[in-house]
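In this text the structure is predicted, and so the values were computed from the model without any measurement.
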Amino acid sequence: MTAFDAHDPLGIDDLLSDEDRAVRDTVRSWAADRVTPHVADWYERGELPGIRDLARELGSLGALGMSLTGYGCAGAGAVQYGLACLELEAADSGIRSLVSVQGSLAMYAIHRFGSEEQKQHWLPSMASGEVIGCFGLTEPDHGSDPAGMRTHAERDGSDWVLNGRKMWITNGSVAGVAVVWARTDEGIRGFVVPTDTPGFSAPEIKHKLSLRASVTSELVLDDVRLPADAVLPEAHGLRGPLSCLSHARYGIVWGSMGAARACFDTALAYTREREQFGKPLAGFQLTQAKLADMAVELHKGVLLAHHLGRRMDAGRLRPEQISFGKLNNTREAIEICRVARTLLGANGISMEYPVMRHSTNLESVLTYEGTVEMHQLVLGKALTGVDAFRG
């Protein structure tokens, strides 16, 4: 019988293939070399320097549009993509957000709903990281209810003219292309917008207390004129952007467990070494109770992510099941981080340790791609058959 592994108490590694482990280990090694030694400084400064170089490196790893096929994309399985998200977020949520928005939102929208010309033009350069993408859905006054969006597009001859604002857009001010959703006379449509188009601007949002090592922007569209072929031909109505969000939420199910793992590992190592009252903190019953509860929720969350990944690979994953995972794993991850902070005492707020950084990042992860309340209502509707979103 193999020895008990405090970092894999359920033996989840046994569920992974050699290829799965190779993907995980490659991303873990890259993050340990290129992100972990620097991210506390980036976070403290509130910037992500060298983001274009990081994007190209991630592209060379095959991490951008990782689960998509063709056009220079890796064509990896859903579990492999999830493992990559977990390792990236164990370094920092901002890095995983960069990858998620690029691959699961912007690239996925073009791959799933775009014309062949759009795919050929944009996807290879996005997969390599030469072009960064963003995804414009959320607005200043419409977050959880995208059906209320005010951004609109009107026909002018054969062209489209876009006007409106988008808010809290990851990668916005460094993007070369934006997928923007707008209201039209034909319903909600998606548009592929080169960011050098006149009338388009993306001022960066400053003074954030979460996701500080990440580029977050507003998108401003003032009479942005686009040709007829800028519209995503296969996307009609809200099902288009919502399907993209489901793909991104799946990555969060895994990624949030990466942040939780980093905090658990930190707390475990710290309590083994830190002495109080003549013995290590790990020797006290209350400490062990906290660590045990953290481990249970962490590895239950990883098992849930793995199960959803296998269902996605089999083509059987439903949006409600993704909501199940996003709701549980983000909620449990932030609680694990908070408990880890208590185990580190005052050191828990120090940038010397990753705990407070992960905890504050998860405040954003808890909210974006659907708040706790929205996913509760998705599950509530699935369980009861009654729609409680409006009233």
Side-chain angles (χ1 to χ4, degrees), residues 78 82 85 89 93 96-97 100-101 104-105 108-109 112-113 135-151 166-170 179 181-183 187-188 190 210-211 235-257 259-260 297 300-309 311-312 315-338 359 361-391:
C85 288
E89 194 145 357
S93 300
R96 198 268 308 144
S97 292
S100 287
V101 169
S104 292
L105 292 178
Y108 180 84
R112 171 66 179 82
F113 300 111
F135 186 86
L137 179 63
T138 298
E139 297 190 354
D141 297 321
H142 295 280
S144 295
D145 182 17
M149 73 173 65
R150 296 177 182 174
T151 298
K166 301 295 182 179
M167 196 67 173
W168 305 115
I169 308 303
T170 297
V179 174
W181 301 90
R183 183 178 299 282
I188 292 172
S210 178
L211 289 180
H236 299 270
L238 274 177
R239 299 190 94 180
L242 292 182
S243 69
C244 299
L245 291 179
S246 286
H247 204 261
R249 288 164 181 161
Y250 168 76
I252 292 171
V253 175
W254 284 91
S256 56
M257 290 294 98
E297 296 306 326
K300 280 164 57 179
V302 174
L303 272 177
L304 172 56
H306 188 278
H307 172 67
L308 296 182
R311 290 189 67 83
M312 179 176 277
R316 299 175 59 197
L317 184 61
R318 293 187 54 83
E320 298 92 340
Q321 293 166 341
I322 297 176
S323 286
F324 193 115
K326 206 274 186 179
L327 173 63
N328 181 80
N329 283 14
T330 56
R331 198 161 55 181
E332 296 304 327
I334 200 167
E335 181 61 20
I336 288 168
C337 293
R338 289 167 177 166
S359 185
N361 279 341
L362 284 171
E363 292 290 351
S364 293
V365 178
L366 194 71
T367 295
Y368 65 30
E369 321 298 5
T371 64
V372 165
E373 294 82 2
M374 295 304 293
H375 290 294
Q376 287 173 323
L377 292 180
V378 168
L379 287 176
K381 179 180 177 181
L383 293 168
T384 66
V386 179
D387 187 341
F389 281 92
R390 298 183 182 277

E335 side chain reached by E297 side chain, heavy atoms, under 4.5 Å: no
Pairwise side-chain contact, I334 with R338, heavy-atom cut-off 4.5 Å (strictly under): yes
Donor-acceptor contact below 3.5 Å, side chain S104 vs main chain V101: no
Pairwise side-chain contact, P146 with W181, heavy-atom cut-off 4.5 Å (strictly under): no
Worked check of side-chain contact (heavy atoms from CB on, under 4.5 Å) between H375 and T330: CA-CA 11 Å; H375 290 294; T330 56; over 6 Å; no
Min side-chain heavy-atom separation L105-L245 under 4.5 Å: yes
Atom of G309, atom of Y250 and distance for their closest heavy-atom approach: CA-OH, 3.1 Å
L137 CG to E369 CD distance, which is reported to the nearest 0.5 Å: 9.0 Å
Passing candidate, side chain to side chain contact (heavy atoms under 4.5 Å, CB included) with E89, options L362, I252, N361: L362
Gap separating the CD atom of E332 from the OG atom of S256, nearest 0.5 angstrom: 10.0 Å
M167 side chain near E139 side chain, heavy-atom distance below 4.5 Å: no
Donor-acceptor pair, side chain of E363 and main chain of S210, under 3.5 angstrom: no
Euclidean distance, I336 CD1 relative to S359 OG, rounded to 0.5 Å: 11.5 Å
Distance in Å, S323 OG paired with M374 CE, rounded so as to fall on 0.5 Å steps: 9.0 Å
Test log, rule side chain to side chain donor-acceptor pair (under 3.5 Å), inputs T170 and Y368: CA-CA 11 Å; T170 297; Y368 65 30; over 6 Å; no
For M312 against L317, the heavy-atom pair lying closest together: CE-CD2, 3.6 Å
Rounded distance [0.5 Å steps], CZ in R331 versus CD in Q376: 5.5 Å
Exercise: identify the closest heavy-atom pair between A260 and C337: CA-SG, 4.4 Å
Verdict with supporting geometry, S364 and W168, side-chain contact (heavy atoms from CB on, under 4.5 Å): CA-CA 10 Å; S364 293; W168 305 115; over 6 Å; no
Test item: R183 side-chain N/O and M149 main-chain N/O as donor-acceptor pair under 3.5 Å: yes
K326 side-chain N/O to L366 backbone N/O, donor-acceptor pair under 3.5 Å: yes
Backbone of L308 reached by a side-chain donor or acceptor of Q321 within 3.5 Å: no
Beyond-backbone contact of P241 with F135, side-chain heavy atoms, under 4.5 angstrom: yes
Shortest non-hydrogen separation from S246 to I322 and the atoms involved: O-CD1, 3.5 Å
Side-chain heavy atoms of L379 within contact of F324, under 4.5 Å: yes
Nearest atoms (heavy-atom pairs only) where S144 meets T371: OG-CG2, 4.1 Å
Over all atoms of both residues, closest heavy-atom pair of E320 and A382: CG-CB, 3.7 Å
Nearest-0.5 Å distance that lies between atom SG in C244 and atom CZ in F113: 5.0 Å
